[in-house]
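The next block holds one structure in the form of structure tokens; read it before the comments.
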There are 2 protein chains.
Amino acid sequence: MGTHSKVVSIDGIKVACSNCSLASLCLPFGLESEDVDRLERIVKRNRPVQRGQILFSPGDHFRSLYVIKTGAVKTFTQTPSGDEHVVGFHLPGEMLGLDAIQDDRHGCFAKALETTAICEVPFDNLEQLSASIPSLQHQLLRLMSKEVSAEANMISLLNNSTAEERLASFLISLSERFRRRGFSATDFFLAMSRQDIGSYLGLALETVSRLFTRFQDQGILQVERKHVRILDMDRLRGLLRHQTPCHTQADKRS
Amino acid sequence: MGTHSKVVSIDGIKVACSNCSLASLCLPFGLESEDVDRLERIVKRNRPVQRGQILFSPGDHFRSLYVIKTGAVKTFTQTPSGDEHVVGFHLPGEMLGLDAIQDDRHGCFAKALETTAICEVPFDNLEQLSASIPSLQHQLLRLMSKEVSAEANMISLLNNSTAEERLASFLISLSERFRRRGFSATDFFLAMSRQDIGSYLGLALETVSRLFTRFQDQGILQVERKHVRILDMDRLRGLLRHQTPCHTQADKRS
DNA sequence: GCCATATTTTGATCTCGATCAATGCCTAGT
DNA sequence: ACTAGGCATTGATCGAGATCAAAATATGGC
């Protein structure tokens with residue numbers, strides 16, 4: 001109440017695609033504004049999920065893709081013995097559930113790392129709409145292709161890098177992603193624990209902690225708990241310069 | 001000459017999609033036969049590529065997806081210093097180039113490991129056709145989703161597994177893929193070198209060699225150069241039983 | 001504001017697999 | 001058939017990072 005639009009709520013959390021600052025990273029990219037309106041109509045905007053809340057679990061029936069609007073989510077699997085393996089971290093504008101199209105079931109957990117607003121895109125509707133809007137079909141394929149590229153980069157990182165290079169690469173990737181979303185590239189808060197970072201990078205949490213300390217001692221970072229400030233980006237990049245695959249952009253993610 | 005069909009050559013290498021034994025793993029899956037014919041018309045079937053030949057290189061303009069019909073291909077990147085990092089191995093029915101849709105450029109090399117027949121699918125045509133054949137659009141999205149899942153599994157493997165588990169997992173994956181393609185699941189030839197396997201699994205070639213020897217000593221495998229025979233599949237599976245993510249199929253690849 | 005619990009930091013030790021090194025074994029070219 | 005060069009096996013050593021252990025610091029519930 002008190003607002004004229006049905007998709008913009010008073011607290012500003014529900015924003016229409018046509019007004020969304022993330023549109024250029026997301027499905028609306030490249031669409032005519034009338035087509036954005038058609039897309040708009042199939043998107044569901046539920047209430048924000050709270051920190052710790054599970055969005056979906058392995059085995060859940062796949063109905064929708066999800067796009068983070070604000071906040072952060074981690075995806076992870078769990079071994080029978082109960083320990084988590086972090087698959088990825090997802091920031092505003094990034095899409096979740098692309099791996100589930102395959103067999104109609106989700107393959108991992110998705111859990112909010114902080115209060116998170118999410119756009120839900122029912123997949124059946126999206127497929128129908130894509131068939132009649134070529135640029136939407138193309139953008140959906142591009143986003144999936146980006147996911148494939150990003151994962152290939154991750155595989156390469158895990159195969160060929162030291163602990164130092166992995167953490168440097170992770171921080172640079174985060175920095176880039178924040179920058180493109182209009183946040184500071186050099187001063188940000190980590191939504192995830194050292195444990196999570198370690199699990200994601202294939203390192204023990206102790207190793208992650210030690211590396212943060214080392215980077216700080218070297219004057220590359222200033223770290224205070226979850227708050228990271230990159231003091232010397234050149235030196236941070238230098239930590240992985242040598243062995244990056246040629247012809248590959250630093251960050252294939254949007 | 002000497003044949004009535006324009007797509008079936010005398011030596012049997014050029015097979016129409018409608019007759020192809022790999023159709024159920026590939027784009028035609030789920031299509032009406034009239035739609036398979038339409039797909040058929042956009043597919044190019046070039047002469048087979050010889051062992052060692054490069055299909056595409058990083059930076060090459062992306063025009064087509066490629067599907068292996070017979071043979072095997074490896075994809076890899078190269079560091080400035082010149083050493084290879086294997087990204088993947090591709091068997092009949094598997095698709096190459098999905099990572100290139102994103103930015104219109106290929107991101108890795110593709111090289112034939114043996115004489116290989118390939119179907120070329122011009123991407124612009126495929127997109128157009130997908131828009132008018134819903135089941136084709138769906139299958140293309142499924143294949144991309146499969147790629148995302150397979151890569152996520154690979155990441156999980158590299159993050160959480162010992163050398164032994166990695167090689168066991170690799171062999172089981174190969175075995176499954178051969179089985180689905182109508183080949184023996186227990187008796188096959190490796191098209192790639194120990195070096196390539198090591199690079200793909202993030203291991204030194206010496207480690208791969210030692211593991212083959214160990215598996216043979218334990219009576220799990222019989223290995224003679226490139227020829228592998230799996231003698232005890234249960235024990236091979238047992239090597240990775242414990243720590244596989246729950247709710248995840250062994251092999252997300254087709 | 002205080003306590004219980006979770007998270008992070010720091011230290012000491014150990015292990016798996018990399019690396020270095022040498023030998024043996026196929027395969028292709030003349 | 002013979003030889004050269006690539007590929008594979010086997011052995012010896014070493015080190016990055018895991019693991020074990022304990023203290024320090026933050027966070028959330030009451």
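Below, chains carry the letters A, B, ... as their sequence lines are ordered, and counting in each starts from 1. The basis for the numbers below is simple: all heavy atoms, side chains too, and nothing from hydrogens, waters or symmetry mates.
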Distance in angstrom units between [X] [atom1] and [N] [atom2], rounded:
X	N	atom1	atom2	answer
A:R166	D:dG17	CZ	P	8 Å
A:F212	C:dT10	CZ	P	13 Å
A:Q195	D:dA26	CD	C1'	17 Å
B:L203	D:dA8	CG	P	15 Å
B:I197	D:dC7	CD1	C1'	12 Å
A:L158	D:dG17	CG	P	13 Å
A:E206	C:dT13	CD	P	16 Å
B:L113	D:dG6	CG	C1'	16 Å

[N] OP1/OP2 closer than 4.0 Å to side-chain N/O of [X]:
X	N	result
B:S209	D:dT10	no
B:T213	D:dT10	yes
A:R194	C:dT9	yes
B:T207	C:dA18	yes

Fill in: DNA chain D-proximal residues of residues 222-230 of chain A, any heavy atom under 4.0 Å
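Per residue number, the list reads A:R225.
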Discussion item. Could you check whether B:E206 pairs with B:R210 (Lys NZ or Arg NE/NH1/NH2 to Asp/Glu carboxylate O, under 4.0 Å)?
Written reply: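 Here B:E206 does not pair with B:R210 in a salt bridge, since their nearest N and O are not under 4.0 Å apart.
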Worksheet entry | Side chain proximity check, B:L236 to B:I172, heavy atoms < 4.5 angstrom | yes
Worksheet item: With a 3.5 Å cut-off and no angle check, do the side chains of A:S57 and A:H106 form a donor-acceptor pair?
Response: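 A:S57 vs A:H106: no donor-acceptor pair found between side chains.
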Worksheet item: With no angle test and no hydrogens, is the base of C:dC16 tied to the side chain of B:E164 by a donor-acceptor pair under 3.5 Å?
Response: no
Worksheet entry | A:R210 (side chain) and C:dG11 (base): donor-acceptor pair under 3.5 Å | yes
Practice prompt. Determine the contact category for B:G198: base if any of its heavy atoms lies under 4.0 Å from a base atom, sugar-phosphate if only primed atoms, P, OP1 or OP2 are that close, otherwise nothing.
Written response: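 B:G198: no heavy atom of the nucleic acid under 4.0 Å.
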Worksheet item: Of the candidate nucleotides C:dT9, D:dA8, D:dG17, which contains the atom at the shortest distance from the side chain of A:T162?
Response: D:dG17
Worksheet entry | Of the listed nucleotides C:dG17, D:dC20, C:dA18, the one nearest the side chain of B:A204 | C:dA18
Worksheet item: What are the two closest heavy atoms between A:S149 and B:Q102, and how far apart are they?
Response: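 So the minimum-distance heavy-atom pair works out to OG-NE2, 2.8 Å.
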Item to complete: For residues A:F183 and A:F188, establish whether the separation of their ring centroids is below 6.0 Å.
Response: no
Worksheet item: Less than 6.0 Å separating the ring centroids of A:Y66 and A:F56?
Response: yes
Item to complete: Go through the steps for A:H85 and A:T79 under the test side-chain hydrogen bond (donor to acceptor under 3.5 Å, both in side chains), then give the verdict.
Response: CA-CA 8 Å; A:H85 295 314; A:T79 57; 5.1 Å; no
Practice prompt. On DNA chain C, check which nucleotide each of A:V208 and B:A163 is closest to and give me the residue with the more 5' one.
Written response: A:V208
Worksheet item: With a distance cut-off below 6.0 Å to the six-membered ring centre and an angular limit of 45° from the axis, does B:K74 pair with B:F76 as a cation-pi contact?
Response: yes
